[in-house]
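Structure first, commentary second.
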Amino acid sequence: MGFGVLMEWMGRSREETMIQPVILEKLEELPESLQTEVLHYIEFLIEKQAKNLSQEKQTKRGGLGIWKDKIWMSDDFDEPLEDLKD
């Protein structure tokens, strides 16, 4: 099984698999100090992506209980209004 086929099977597109060897090749050309900077940047991007995904999930939240403790209803809500008792 070829690398591209394996990556597609793992859920990655051909475009994603084509860039990885190029990135690795370029990374190997850098001195170790710059490789460390690249690693820190990758870690930053991963944290940023995780934060964005977390915020998306929070903004999409809905359903039962979303307004719990944010609104209240009077105990006599179902009672006839004073103005309409006549």
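Predicted model, so just to flag it, every value in this text is computed and none were measured.
One hydrophobic cluster, built from ILVMFWY side chains closer than 4.5 Å, cannot hold both Ile46 and Leu24; they sit in different ones. A chain of hydrophobic side-chain contacts below 4.5 Å, direct or via other Ile, Leu, Val, Met, Phe, Trp or Tyr residues, connects Ile42 to Leu30. Residues Leu34 and Val38 share a hydrophobic cluster, clusters being chains of Ile/Leu/Val/Met/Phe/Trp/Tyr side chains in contact below 4.5 Å.
Of the listed residues (Leu45, Asn52, Leu53), just one forms a side chain to side chain contact (heavy atoms under 4.5 Å, CB included) with Gln49, and that residue is Leu53.
The NZ atom of Lys26 lies 14.0 Å from the CD atom of Gln35; values are rounded to the nearest 0.5 Å.
Other residues, nucleotides and ligands place no more than 12 heavy atoms under 6.0 Å from the CD atom of Glu32. Within 6.0 Å of CG in Asp75 there are 12 or fewer heavy atoms belonging to other residues, nucleotides or ligands.
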